[in-house]
Amino acid sequence: RAKERGRNHFQFYSTTMTTKASLVLRLENLLHRALENQELSLYYQPQVKIKTGEITGIEALLRWTHPELGQVSPHKLIPLAEQTDLIIPIGQWALKTACQQSLDWQKLGIKPLPIAVNFSARQFQQPNLVTLINQVLEETGLAPNLLELEITETTIMQNEDFARQALEELRQMGVHISLDDFGTGYSSLSYLQKFPLTTLKIDQCFTHSLKDNPQDLAIISAIITLGNHLQLRVIAEGVETLQQLEILQRLHCQEAQGFWFSRPLNSEDITQLLKQYFLSGLEEDDLKN
Ligand code: C2E
Ligand code: MG
Ligand code: MG
Ligand code: MG
């Protein structure tokens, strides 16, 4: 009987393993084909100067729409891509698509805007990172100072020496460096000084907990002040309400990003928004002529 139980147990275990493994394989396969089948796309969210409402930049965000699964969240997609190394071709595709999109906007006469592209740890730690980025800039012809890399503290922490070297080289090329989700990792304030950053993005959890009470304000206020003093662009993420925006402005936060201004939009919709924003005056003139 023990033997039977053992065998049953083994079979049960084995079946579970197989199911798990094949699920991962299936997702992996689907993700493999996602690139070929053009199921991946980039959405774009504006970054806005709080005082004036001026659009100061655009962040590119990856989207995967599978014909049966529907939308797969980046929170699932990115870890899967990281595990399978698919992050390398997918990341390269995203970088190139974002740079190309930025140039397409310029061709429409829209003011050149920095385009921010997220890099996950594995992607950032490619030994030939700088070369690959350079290649994309050369292939597309985008000015390096219009590209901004978004990385997190956790990514830097995994290999500080590599990060410093790579970031120095990228800065020398003119590429901007943004520290994403600031305040959520094993934050080390010294990172802000040790690495050649240009932008600090305050994580949306701070924005969301922003209430008009002294303790909540103290932390976010300190981050903003620090960023301002280090002459970094400071962007608050995840702004959803006017109240949040007003508090941020009082704390001298210069820029914000979030649903309050615009959800991330597909290429067509963001292009429409940018045209309306930057070209509506010109279009009126065109009609008169
Ligand atoms: P992230 O870079 O911090 O991006 C901000 C996330 O907040 C985005 O989620 C965006 O859609 C969402 N968001 C923007 N405004 C608001 C708001 O007002 N309220 C709320 N609740 N959310 C807001 P998304 O697009 O699902 O991306 C999640 C994460 O996936 C990103 O966080 C980034 O770490 C990663 N990711 C996205 N695209 C890429 C990519 O192309 N490459 C890599 N490596 N990672 C990416
Ligand atoms: Mg980001
Ligand atoms: Mg973020
Ligand atoms: Mg995030």
Side-chain angles (χ1 to χ4, degrees), residues 31 34-35 39-48 50 57-65 70-102 114-126 129 132-133 136 147-156 158 176-185 187 197-210 223 227 233-245 248 255-267 269-270:
L31 190 56
L35 204 52
E39 292 161 9
L40 298 180
S41 65
L42 291 182
Y43 270 49
Y44 300 90
Q45 189 178 42
Q47 301 168 330
V48 177
I50 295 178
I58 304 281
E59 178 176 8
L61 294 157
L62 192 62
R63 292 291 177 268
W64 178 19
T65 312
Q71 285 256 347
V72 182
S73 158
H75 290 297
K76 274 192 207 142
L77 158 60
I78 301 295
L80 182 67
E82 283 256 301
Q83 283 162 35
T84 55
D85 269 344
L86 281 168
I87 194 66
I88 303 302
I90 289 174
Q92 199 66 6
W93 172 87
L95 177 63
K96 193 166 177 184
T97 305
C99 291
Q100 193 58 59
Q101 175 69 82
S102 177
I115 181 102
V117 180
N118 291 282
F119 271 60
S120 53
R122 185 91 162 243
Q123 205 183 343
F124 179 77
Q125 283 150 7
Q126 294 175 84
L129 173 81
L132 285 174
I133 291 175
V136 171
L147 175 64
E148 181 162 78
L149 244 58
E150 291 202 3
I151 55 171
T152 65
E153 299 158 281
T154 314
T155 297
I156 290 184
Q158 286 178 15
H176 290 255
I177 312 294
S178 183
L179 198 55
D180 203 355
D181 304 345
F182 184 73
T184 58
S187 303
L197 309 169
T198 48
T199 306
L200 191 59
K201 297 189 77 175
I202 301 174
D203 191 76
Q204 54 185 40
C205 72
F206 293 105
T207 308
H208 295 164
S209 76
L210 206 55
I223 296 178
R233 247 178 106 193
V234 178
I235 307 179
E237 302 193 85
V239 174
E240 294 178 355
T241 69
L242 184 60
Q243 192 203 17
Q244 291 164 350
L245 197 64
L248 287 165
E255 294 181 52
Q257 197 181 332
F259 297 168
W260 173 258
F261 296 105
S262 169
R263 285 181 177 267
L265 300 172
N266 68 27
S267 167
D269 291 345
I270 187 82

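One-based numbering, in listed order, for ligands and for the atoms of each. In this text, all values refer to a predicted model and were calculated from it rather than measured experimentally.
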Just heavy atoms, cut-off under 4.0 Å: does [X] contact ligand 1 by side chain, backbone, both, or neither?
{"X": "V117", "result": "neither"}
{"X": "L62", "result": "both"}
{"X": "R263", "result": "neither"}
{"X": "P264", "result": "side chain"}
{"X": "Q204", "result": "side chain"}
{"X": "K201", "result": "neither"}

Legend entry - From CA spacing to verdict: side chain to side chain donor-acceptor pair (under 3.5 Å), Q45, E59: CA-CA 5 Å; Q45 189 178 42; E59 178 176 8; over 6 Å; no

Out of [options], indicate the one that has the non-hydrogen atom closest to [atom].
{"atom": "atom 33 (C) of ligand 1", "options": "L95, N118, D203", "result": "N118"}
{"atom": "atom 45 (N) of ligand 1", "options": "I78, L42, T207", "result": "I78"}
{"atom": "atom 18 (O) of ligand 1", "options": "F124, F259, F261, W260", "result": "F259"}

Taking the side chain as every heavy atom from C-beta outward, state whether [X] and [Y] have any pair of such atoms under 4.5 Å apart.
{"X": "P46", "Y": "I270", "answer": "yes"}
{"X": "E237", "Y": "D181", "answer": "yes"}
{"X": "L179", "Y": "I156", "answer": "yes"}
{"X": "R63", "Y": "P74", "answer": "yes"}
{"X": "T65", "Y": "E39", "answer": "no"}
{"X": "L200", "Y": "I235", "answer": "no"}

Inset, instruction - Output the distance between atom CD (E82) and atom CD1 (I88), rounded to the nearest 0.5 Å. - result: 8.0 Å

Inset, instruction - Give the atom name of whichever N/O/S atom in E59 sits closest to the Mg ion (ligand 2). - result: OE2

Legend entry - the Mg ion (ligand 2) - name of the N/O/S atom of E150 that sits closest to it: OE1

Inset, instruction - Run the contact test for G238 against ligand 1 with a 4.0 Å cut-off on heavy atoms, strictly below, and give the result. - result: yes

Inset, instruction - Determine whether any heavy atom of R63 lies closer than 4.0 Å to an atom of ligand 1. - result: yes

Legend entry - Set of salt bridge (Lys or Arg N to Asp or Glu O under 4.0 Å) partners for R122, sequence neighbours left out: D85

Inset, instruction - Could I get the full list of salt bridge (Lys or Arg N to Asp or Glu O under 4.0 Å) partners for E148, not counting sequence neighbours? - result: R233

With a cut-off of 4.0 Å, which atoms of ligand 1 are near a heavy atom of [X]?
{"X": "H75", "answer": "28 (C), 29 (C)"}
{"X": "D180", "answer": "1 (P), 2 (O), 3 (O)"}
{"X": "Q45", "answer": "14 (C), 15 (N)"}
{"X": "E237", "answer": "3 (O), 5 (C)"}
{"X": "E59", "answer": "2 (O), 4 (O)"}

Inset, instruction - Could you tell me whether Q123 and ligand 1 have an N or O pair separated by under 3.5 Å? - result: yes

Inset, instruction - Please say whether S120 places an N or O atom under 3.5 Å from an N or O atom belonging to ligand 1. - result: yes

Inset, instruction - Could you tell me whether any N, O or S atom belonging to N118 is less than 2.8 Å from the Mg ion (ligand 2)? - result: yes

Legend entry - N, O or S from D181 under 2.8 Å to the Mg ion (ligand 2): no

Legend entry - OD1 (D180) to the Mg ion (ligand 3) to OE1 (E237) angle, given to the nearest 10 degrees: 100°

